[in-house]
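Here is the naming used below: chain letters follow the sequence lines, and residue numbers restart at 1 for every chain. The figures here come from the full heavy-atom set of this structure, side chains too, leaving out hydrogens, waters and symmetry mates. On a predicted model such as this, the values are computed, not experimentally measured, just so you know.
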Amino acid sequence: MGSARTALFNWLFARHCGGEMVLRVEDTDAALKTQEYVDAIVEPLRWLGIDWDSGPHFQSERRDIHGAAIEQLLADGTAYYCDLTRAEIEERCAAAGLPVGYHGWSRDRGVSDGPGVVVRFRCPDHGETVVEDVVRGRVGFPNESLEDFVIRRGDGSPTFHLANAVDDHHMGITHVIRGEDLLNTTPRVMLIWQALGFGEPPVYAHLPLLVNAKRQKLSKRRDDVALHNYQRRGYLPEAMVNHLALLGWGPPDDVEIRPLDEIVELFDLAAVKPAPAFFDPARLDHINSAYIRALTPDQFADRALPFAAGVGAVDGDAGGMADGQGASEDAPARTERVRAATLRLAGDLQQRVATLTDVAGWIDWIVADDVVCDEKAWHKSIVKGRAAAEVLEAVEARLARDDFSSAERLEAIVMGVGDDLTESIGARVRSQPPVRVALSGTGAGLPLWEPMRLLGKEETLRRIRAARERL
RNA sequence: GCCCCCAUCGUCCAGCGGCCUAGGACGCCGGCCUUUCACGCCGGUAACACGGGUUCGAAUCCCGUUGGGGGUGCCA
């Protein structure tokens with residue numbers, strides 16, 4: 001999620017300026033050179049609709065260019081070899097009474113290259129390295145606080161600071177927009193940049209971090225951040241993009257939910273707020289439901305179907321991810337019923353769901369073979385409901401004479417029963433509650449009339465009869 | 001420990017020296033609409049962390065304090 005937000009802001013900025021978006025995979029560490037790593041970057045971007053004009057480029061394929069830069073730094077003395085292990089460094093610190101860290105230990109030891117030997121960058125001992133940041137202004141780092149960092153590992157591979165300086169220069173990168181967690185490493189890249197004589201550095205912008213409710217940087221381990229989980233739970237990518245765009249930035253006119261092209265139009269990198277932002281799931285729900293409501297019935301049905309396909313299955317997976325396993329040969333028939341229900345009830349469903357997976361919960365009683373009865377609702381509307389038995393009896397009788405061709409007429413019939421009984425009894429009789437419980441088993445839900453048509457005359461009457469028998 | 005960043009309603013975003021008795025959105029709480037639920041509409045709740053300056057005037061500028069966060073790897 002954090003990476004997606006960073007990518008989105010890069011994309012918004014590039015599109016806003018008519019610039020070029022470059023996708024570069026920073027896989028200098030061997031552990032990152034895997035297909036899963038690349039997929040984890042590319043798939044969420046594709047889902048969100050964030051595209052790029054160049055790449056993906058892989059830093060791991062540019063080893064020789066990085067190697068040449070390292071040689072250059074070694075040759076002019078800005079870099080040197082070091083063979084100290086972590087433990088040895090700590091020993092030296094302890095012996096010298098210095099805080100843990102690398103205090104230029106190998107600067108003058110004359111170490112020569114060999115297996116396991118690293119190359120470190122010689123940081124200036126005085127002065128200051130300044131990052132001119134678009135969202136934060138001038139950020140200065142005293143050079144004394146910078147430690148001689150590794151630019152080439154023991155296995156010969158470059159670290160990302162080195163690779164970034166070199167690649168940004170060679171690839172003509174003009175703007176580097178990334179998370180604030182990288183702000184502290186920027187002086188390293190700038191120092192390398194200067195040492196290599198690259199001239200004017202790119203423009204930097206460090207975005208505020210996305211944090212959890214406890215205001216900590218989002219973490220894969222403890223926070224719900226995997227985008228595919230949101231996809232699976234029925235969030236629309238366009239809603240996710242809209243929500244993400246609103247974290248750290250807001251349109252000048254306060255219109256928050258709006259088409260992407262307008263966001264591109266209005267986006268302003270310099271207006272990004274520097275404070276961390278909480279990813280609020282409740283707000284995502286609100287935005288997602290707004291996007292769902294804006295869909296046409298056809299679009300809604302198309303997009304909801306994959307999430308509702310398993311509804312009503314014998315061992316039904318309400319999450320909609322049913323794989324058909326255990327769901328018998330009537331699965332295709334059920335899918336057809338689900339499709340018909342989502343399409344014909346689209347409007348009613350759209351104003352009631354926050355995510356596409358919610359659809360299942362509203363239509364399961366229409367699609368399932370039988371009613372799952374909520375006993376509390378049964379008690380309230382049928383046992384305690386005024387004249388419930390008479391209502392069901394009359395409704396059944398009158399419905400039996402109808403052909404179910406009009407939802408409006410079905411409504412008039414059921415409501416008419418209530419009105420007639422109210423008059424004859426002399427007390428208010430509500431006919432809808434008992435009918436609702438008889439048909440759906442619950443006390444609240446969708447308007448009943450179109451679902452009754454979906455259920456069909458036969459099944460509707462059967463359920464009413466079943467309720468009467470139970471009474 | 002050291003370095004860096006941040007600080008307006010519970011949350012997100014406005015505000016960039018006077019238009020602020022601080023605005024919008026989400027959430028929450030009421031009400032209206034409705035013979036269910038929901039949508040919609042109306043209303044309410046709720047914030048400039050604290051202390052010093054600067055200024056005729058500060059949420060807005062400066063300094064400090066406090067609080068939060070990030071970094072401190074042969075990860076990125």
### Task
Return the nearest nucleotide to the side chain of A:Pro274; candidates are B:A7, B:A76, B:G69.
B:A7
### Task
Have a look at A:Leu182 and say if it touches a base, only the backbone sugar-phosphate, or nothing, with a 4.0 Å heavy-atom cut-off.
base
### Proximity to the side chain of A:Pro142 - top-ranked nucleotide from B:C4, B:C12, B:C37
B:C4
#### Entry: Integer-rounded Å distance: B:C74 P and A:Ile70 CD1
15 Å
### Query
Hey, is the main chain of A:Val437 close enough, under 3.5 Å, to the side chain of A:Ser440 for a donor-acceptor pair?
no
### Message
Can you check the distance between B:U8 and B:G71, where both ends of the measurement are the C1' atom (answer in whole Å)?
### Response
27 Å
### Query
Does a donor on one side chain and an acceptor on the other come within less than 3.5 Å for A:Gln59 and A:Asp167?
yes
### Task
Kindly say if A:Arg293 contacts the phosphate of B:G40, meaning a side-chain N or O under 4.0 Å from OP1 or OP2.
yes
### Query
Cation-pi between A:Arg24 and A:Phe58: NZ/CZ under 6.0 Å from ring centre and within 45° of the ring axis?
no
### Task
Figure out the CG/P separation between A:Leu266 and B:C13, and round it to whole Å.
17 Å
### Task
For B:G71, take OP1 and OP2 only and decide whether either is under 4.0 Å from a side-chain N or O of A:Lys217.
yes
### Task
Map A:Leu284 and A:Pro99 onto RNA chain B by nearest heavy atom, then report which one ends up closer to the 5' terminus.
A:Pro99
### Message
I'd like to know whether the aromatic ring centres of A:Phe279 and A:Tyr230 sit less than 6.0 Å apart in this structure.
### Response
yes
### Message
In whole Å, measure the gap between the P atoms of B:C37 and B:G31 for me.
### Response
13 Å
### Task
For B:C20 versus B:U36, give the span between their C1' atoms, rounded off to a whole number of Å.
45 Å
### Task
Could you verify whether a donor N or O on one side chain and an acceptor N or O on the other, from A:Ser106 and A:Arg109, lie under 3.5 Å apart?
yes
### Query
Can you tell me the Watson-Crick or wobble partner of B:A46, both distances under 3.5 angstrom?
none
### Summary
Paired to B:U35 by Watson-Crick or G-U wobble criteria (both distances under 3.5 Å) is none
### Query
How are the rings of A:His206 and A:Tyr204 set relative to one another: parallel (under 30°), tilted (30 to 60°) or perpendicular (over 60°)?
parallel
### Query
Taking atom types as modelled, is there a side-chain donor on A:Asp155 or A:Ser157 under 3.5 Å from an acceptor on the other?
yes
### Query
Hey, is the side chain of A:Thr442 poking within less than 4.0 Å of OP1 or OP2 on B:U36, counting only N and O atoms?
no
### Summary
As its Watson-Crick or G-U partner within any shown strand, both distances under 3.5 Å, B:A7 has B:U66
### Query
Below 3.5 Å, does any donor atom in the side chain of A:Gln216 face an acceptor in the base of B:G70, or the other way round?
no
### Task
With C1' as the reference atom in both, quote the distance from B:C61 to B:C16 in angstrom, rounded to an integer.
10 Å
### Summary
Between CZ of A:Arg136 and C1' of B:C4 the distance, given in whole Å, is 10 Å
### Task
Classify the side chain of A:Arg436 and the base of B:U36 as holding, or not holding, a donor-acceptor pair under 3.5 Å.
yes
### Query
Is A:Pro433 touching bases, backbone alone, or none of the nucleic acid, heavy atoms closer than 4.0 Å?
nothing
### Message
Once you apply a heavy-atom cut-off of 4.0 Å, does A:Gly140 come out as touching a base, just sugar-phosphate, or nothing?
### Response
sugar-phosphate
### Query
Contact class for A:Gly101 vs. all strands (heavy atom < 4.0 Å): base, sugar-phosphate, or nothing?
nothing
### Query
Is there a Watson-Crick or G-U wobble partner for B:U72 with both distances under 3.5 Å, and if so, which one is it?
B:G1
### Summary
Picking from B:C12, B:A76, B:A14, the nucleotide nearest the side-chain atoms of A:Asp254 would be B:A14
### Task
Under 4.0 Å between any heavy atoms, over every strand shown, what does A:Gly418 touch: base, sugar-phosphate, or nothing? Just pick one.
nothing
### Query
What nucleotide among B:U36, B:C4, B:U35 has an atom nearest to a side-chain atom of A:Pro447?
B:U36
### Query
Which value, in whole Å, describes the distance between the C1' atoms of nucleotides B:C62 and B:A22?
23 Å
### Task
Any strand is fair game: report the nucleotide pairing with B:C12 by Watson-Crick or G-U wobble, both distances under 3.5 Å, or none.
B:G24
### Task
Indicate, with a heavy-atom threshold strictly under 4.0 Å, whether A:Val118 touches base, sugar-phosphate, or nothing.
base
### Query
Which one, B:U35, B:A76, B:A14, comes nearest to the side chain of A:Gln432?
B:U35
#### Entry: Between A:Arg436 and A:Ser431: side-chain donor-acceptor atoms closer than 3.5 Å
no
### Message
Between B:A7 and B:A14, how many Å separate the two P atoms, rounded to a whole number?
### Response
11 Å
### Query
Of the nucleotides B:C13, B:A25, B:U35, which has the atom closest to the A:Lys273 side chain?
B:C13
### Task
Provide, to the nearest angstrom, the distance between the CZ atom belonging to A:Arg215 and the P atom belonging to B:G68.
13 Å
### Query
Under 4.0 angstrom, heavy atoms only, what part of the nucleic acid is A:Ala271 near: base, sugar-phosphate, or nothing?
sugar-phosphate
### Summary
Testing B:C13, B:C5, B:C6 for proximity to the side chain of A:Ala275, the answer is B:C6
### Task
Please state the C1' separation for the pair B:C29 and B:U35 - nearest whole angstrom.
25 Å
### Query
Any idea which of B:A25, B:A76, B:C12 is nearest the A:His286 side chain?
B:A25
### Task
Using whole Å, report how far CD1 of A:Ile363 lies from C1' of B:A38.
16 Å
### Message
Regarding A:Phe278, tell me which of base, sugar-phosphate or nothing describes its non-hydrogen contacts under 4.0 Å with the strands shown.
### Response
sugar-phosphate
### Under-4.0 Å salt bridge between A:Glu180 and A:Arg136
yes
### Task
Taking only the side-chain heavy atoms of A:Arg352 (C-beta and beyond), determine which of B:C5, B:C12, B:A38 contains the nearest atom.
B:A38
#### Entry: Separation of B:U72 C1' from A:Asn184 CG (nearest whole Å)
8 Å
### Query
Roughly how many Å is it from OH in A:Tyr102 to P in B:U72, rounded to a whole number?
18 Å
### Task
Looking at every strand, decide which applies to A:Thr185 at a 4.0 Å heavy-atom threshold: base, sugar-phosphate, or nothing.
base
#### Entry: Options B:G70, B:A38, B:U35, nucleotide nearest the side-chain atoms of A:Asp419
B:U35
### Task
For the residue pair A:Trp193 and A:His169, categorise the inter-ring angle as parallel (less than 30°), tilted (30 to 60°) or perpendicular (more than 60°).
perpendicular
### Query
Given B:C4, is OP1 or OP2 found less than 4.0 Å from the side-chain N or O atoms of A:Arg188?
no
### Message
Work out how far the C1' atom of B:G44 is from that of B:A25, and round it to whole angstrom.
### Response
16 Å
### Query
Closer to the 5' end of RNA chain B via nearest nucleotide, is it A:Asp181 or A:Gln351?
A:Gln351
### Query
How long is the line joining CD of A:Glu147 and P of B:C74, in whole Å?
9 Å
### Message
Tell me whether the side-chain N/O atoms of A:Arg86 come closer than 4.0 Å to OP1 or OP2 in B:G73.
### Response
yes
